[in-house]
Amino acid sequence: MGDEEAERKAREELENGLRALDTFLLKNGSAQGGDYFLGGQFSMAEVMTGPFILRRMVTHAEFCDFDFREVCERHGLKELAYGFVQRMLAWMEAVSQRPSLVETIP
């Protein structure tokens with residue numbers, strides 16, 4: 001498999017993962033009171049995944065020409081569904097602005 005084909009496959013797998021996360025957040029999370037997994041309550045879900053998400057957002061944009069926000073918008077993850085904003089991008093934005101997580105970025 002050539003470099004371009006490997007890159008295309010990796011991007012496709014990442015995009016599929018983002019769609020799966022959005023579906024999971026819509027099905028299992030709470031949108032009441034905020035954009036965290038449990039709504040307005042910052043939880044262990046964000047503690048465990050937040051630093052990973054922040055680093056991926058930064059490194060993929062800088063080194064892989066892959067913008068999570070653009071991918072979310074392209075796949076309709078920011079569109080309205082059933083009267084609620086899709087959760088994935090809102091969750092990523094909330095996590096990326098949490099001061100305790102922002103401080104983990106060098």
Side-chain angles (χ1 to χ4, degrees):
M1 180 181 322
D3 288 343
E4 288 181 15
E5 179 63 21
E7 182 179 335
R8 185 199 59 74
K9 185 175 180 179
R11 284 176 180 258
E12 184 177 295
E13 289 175 4
L14 183 56
E15 290 176 8
N16 289 338
L18 292 174
R19 282 195 297 276
L21 177 58
D22 185 65
T23 300
F24 178 82
L25 287 168
L26 283 168
K27 182 178 178 183
N28 299 296
S30 169
Q32 293 185 350
D35 293 325
Y36 294 120
F37 181 71
L38 297 176
Q41 181 181 349
F42 185 79
S43 70
M44 286 301 290
E46 286 80 29
V47 170
M48 299 303 290
T49 59
F52 173 78
I53 292 296
L54 284 176
R55 282 173 179 74
R56 292 303 166 259
M57 288 173 75
V58 171
T59 57
H60 278 77
E62 183 68 26
F63 300 110
C64 301
D65 191 32
F66 187 94
D67 186 316
F68 281 91
R69 290 173 183 94
E70 185 271 327
V71 170
C72 290
E73 291 173 5
R74 179 167 20 119
H75 288 287
L77 301 179
K78 193 174 180 178
E79 300 298 318
L80 294 178
Y82 308 110
F84 298 98
V85 174
Q86 293 284 328
R87 297 272 290 135
M88 223 290 286
L89 190 57
W91 177 77
M92 285 175 59
E93 292 293 334
V95 167
S96 71
Q97 295 173 17
R98 177 78 178 186
S100 61
L101 292 176
V102 171
E103 291 174 7
T104 69
I105 300 293

| query | What pairs with Q41 under side chain to side chain contact (heavy atoms under 4.5 Å, CB included), at least two apart in sequence or on another chain? | reply | L38
| request: Applying side chain to side chain contact (heavy atoms under 4.5 Å, CB included), name anything that partners R8, two or more places apart in sequence or on another chain. | output: E5, E12
| task | Evaluate the ring planes of F24 and F37, with Trp represented by its six-membered ring, and classify them as parallel (under 30°), tilted (30 to 60°) or perpendicular (over 60°). | result | parallel
Side chains of [X] and [Y]: closer than 4.5 Å at any heavy-atom pair?
| X | Y | result |
| --- | --- | --- |
| L101 | P51 | yes |
| L25 | Y36 | no |
| V47 | F42 | yes |

| Co-membership, hydrophobic cluster, residues F63 and L54, 4.5 Å side-chain | no
| Flag, side chain of E46 to backbone of S43, donor-acceptor distance under 3.5 Å | yes
| message | Let me confirm one number: the CD-CZ distance from E103 to R98, rounded to the nearest 0.5 Å. | response | 10.5 Å
| Nearest atoms (heavy-atom pairs only) where V102 meets Q97 | CG2-C, 4.0 Å
| Residue pair V95 / G50: nearest heavy atoms and the distance that separates them | CG1-CA, 3.4 Å
